[in-house]
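These numbers come from a predicted model, not from an experiment. These numbers come from the heavy atoms of this one structure, side chains and all, not from hydrogens, waters or symmetry mates.
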Amino acid sequence: MNFRKTKLLRLTILVILFLISPNLSALSKEIDEENFLTQYFWREVITLKPPERPRIGLVLGGGGARGLAHIGVFRVLEEAGLPVDIVTGTSVGALVGALYSSGISIDRIESMTEEIGWSDLTNISAPSVVTLFLSEKLLSTEKMEKYIADKIGNKRFDELKIPFGCVATDLRTGEKIIFYEGDVAPAVRASATIPGVFTPVEYRHRLLVDGGLVDNIPTDVARMLKADIIIAVNISADFTKNTPSNIMSVLSQSISIQGEFLSGEQLKLTDLVINPEVSDVGIHELWRSRECIDAGIVATRKIMPKLKRLIIDRTYQWTIDQKVTAGSRTIEK
């Protein structure tokens, strides 16, 4: 709860410690008071479920291989017992978010990164790239849809263990298309289909491509799905460290630049941002999965004390607001 409003509770806890300790001064040296109180309240907060506490939404940004850092974020949140009530994502964020929301363990998701390559998600190969250049025939992401369906079991959004939403772009109209119902696999595929390289996904008379064109960090979607606390994972790139050398990297980086421009506004809607240090990882460098996952772990552990205090404070305020609302309803009756 709010530390400024817990002086009485601090005194109570310290008195109890005094009664059970023969040497309070020695004990006090060993105890970081603020950390002790944080851990005490944290154990209380994580046992609560909505509507007893605010709903926590995790927003996963797009960024190709850099998005493997999301796995490290999930791992640390699980270690801390932090409940994730809503997940949203764009592109690779949609892919990782869908797998996790379906109930696949973080260990399994991590092991999947060791065996996956672009050839598992697309029909990319030397001959197909030559065809792309010579006949302008785009590549396909059909394998991605099949991969997702195989892993999560052809689930619909309403069958996922955690409410999930993702974003794609309508190539004809430029509209942002938000998916939160229907089949998961085609929605995720559309969210991660790079335009200019891969054939747009046909869906209900629309031509859909990568959601990063319109919303690379879909915090607004998390709010739409009723998240009360929004945590975003920003996997932005340092473009000065990546020199595009082929058509795929050029188009991918173009989307990333557009996404960076739009992300500033979306990040204003967050309560806290996790920034894994993956800025030098190319969008296509899936072989750097271990590095990206570790970066997610490091960034999340670093910010965890602040995150815990945020959730504790907001839960405290949430409890007060709920009581006031309940009291107002009683008076009206």
Salt-bridge criterion met for [X] and [Y] (N-O under 4.0 Å):
X: Asp170; Y: Arg172; value: no
X: Arg314; Y: Asp271; value: yes
X: Arg290; Y: Glu110; value: yes
X: Arg75; Y: Asp107; value: yes
X: Glu285; Y: Arg66; value: no
X: Lys176; Y: Asp220; value: yes

- Can Glu159 and Arg156 be said to form a salt bridge (charged side-chain N to carboxylate O under 4.0 Å, His left out), step by step? CA-CA 5 Å; Glu159 296 175 317; Arg156 295 171 56 84; 5.5 Å; no
- Could you walk me through whether Arg53 and Asp85 pass the salt bridge (charged side-chain N to carboxylate O under 4.0 Å, His left out) test, one step at a time? CA-CA 11 Å; Arg53 61 161 176 78; Asp85 304 299; 2.7 Å; yes
Straight-line distance of [X] [atom1] to [Y] [atom2], nearest 0.5 Å:
X: Leu225; Y: Tyr180; atom1: CG; atom2: OH; value: 8.5 Å
X: Thr219; Y: Leu58; atom1: OG1; atom2: CG; value: 12.0 Å
X: Met224; Y: Ile86; atom1: CE; atom2: CD1; value: 9.5 Å
X: Leu307; Y: Leu77; atom1: CG; atom2: CG; value: 7.0 Å
X: Asn275; Y: Ser236; atom1: CG; atom2: OG; value: 6.5 Å
X: Glu145; Y: Thr193; atom1: CD; atom2: OG1; value: 9.0 Å

Using only atom types and a distance under 3.5 Å, with no angle test, would you say the side chain of [X] pairs donor to acceptor with the backbone of [Y]?
X: Trp318; Y: Asp228; answer: no
X: Ser101; Y: Leu160; answer: no
X: Thr90; Y: Asp215; answer: yes
X: Ser191; Y: Ala187; answer: no

- Query: Is the Phe164 to Phe157 ring centre distance short of 6.0 Å?
  - Reply: yes
Are any of the side-chain heavy atoms of [X] and [Y] separated by less than 4.5 Å?
X: Leu95; Y: Ile148; answer: yes
X: Ile106; Y: Ile71; answer: yes
X: Arg309; Y: Phe41; answer: no
X: Ile311; Y: Ile56; answer: yes
X: Thr199; Y: Thr141; answer: no
X: Val59; Y: Ile231; answer: no
X: Ile235; Y: His70; answer: yes
X: Asn234; Y: Thr270; answer: no

- Determine, step by step, whether Lys146 and Asp150 satisfy the salt bridge (charged side-chain N to carboxylate O under 4.0 Å, His left out) criterion, reporting the C-alpha distance in whole Å, the side-chain angles of both residues, the deciding distance to 0.1 Å, and the verdict. CA-CA 6 Å; Lys146 184 177 185 304; Asp150 287 346; 2.9 Å; yes
- Same cluster for Leu310 and Leu48 if Ile/Leu/Val/Met/Phe/Trp/Tyr side chains link at under 4.5 Å? no
Looking only at heavy atoms, which two atoms of [X] and [Y] are closest? And how far apart?
X: Arg223; Y: Leu269; result: NH2-O, 3.3 Å
X: Val92; Y: Gly61; result: CG1-O, 4.0 Å
X: Val278; Y: Cys292; result: CG1-CA, 4.0 Å
X: Ile152; Y: Ala98; result: CG2-O, 4.2 Å
X: Gly282; Y: Ala65; result: O-CB, 3.5 Å
X: Pro276; Y: Ala69; result: CB-CB, 3.8 Å

So, [X] and [Y]: side-chain donor and acceptor under 3.5 Å apart, yes or no?
X: Ser91; Y: Asp210; value: yes
X: Tyr147; Y: Glu142; value: no
X: Gln266; Y: Asn216; value: no

- Message: Which label fits Tyr203 and Phe179: parallel for a plane angle under 30°, tilted from 30 to 60°, or perpendicular past 60°?
- Response: perpendicular
- CD (Glu175) with more than 12 external heavy atoms under 6.0 Å: yes
Return all side-chain donor-acceptor pairs below 3.5 angstrom for residues 296-305, not counting sequence neighbours, or 'none' if the list is empty.
from, atom 1, to, atom 2, distance (Å)
Thr300, OG1, Gly296, O, 2.7
Arg301, NH2, Glu79, OE1, 3.1
Arg301, NH2, Glu79, OE2, 3.3

- Task: Any chance you could lay out the side chain to side chain contact (heavy atoms under 4.5 Å, CB included) test for Arg206 and Thr173, step after step, and finish with the verdict?
- Result: CA-CA 9 Å; Arg206 294 182 181 273; Thr173 66; 4.2 Å; yes
- May I have the step-by-step check of side chain to side chain contact (heavy atoms under 4.5 Å, CB included) for Thr169 and Ile177, ending in yes or no? CA-CA 6 Å; Thr169 304; Ile177 306 301; over 6 Å; no
- Given Arg108 and Lys151, is the side chain to side chain contact (heavy atoms under 4.5 Å, CB included) satisfied, shown in steps? CA-CA 10 Å; Arg108 176 58 186 141; Lys151 298 301 180 184; 3.5 Å; yes
- Message: Under the criterion side-chain hydrogen bond (donor to acceptor under 3.5 Å, both in side chains), I'd like the reasoning laid out for Thr315 against Gln317: C-alpha separation, chi angles, the key distance, then a yes or no.
- Response: CA-CA 5 Å; Thr315 299; Gln317 188 60 50; over 6 Å; no
- Stepwise, does the side chain to side chain contact (heavy atoms under 4.5 Å, CB included) test hold for Leu267 with Ile217? CA-CA 7 Å; Leu267 289 174; Ile217 304 180; 3.8 Å; yes
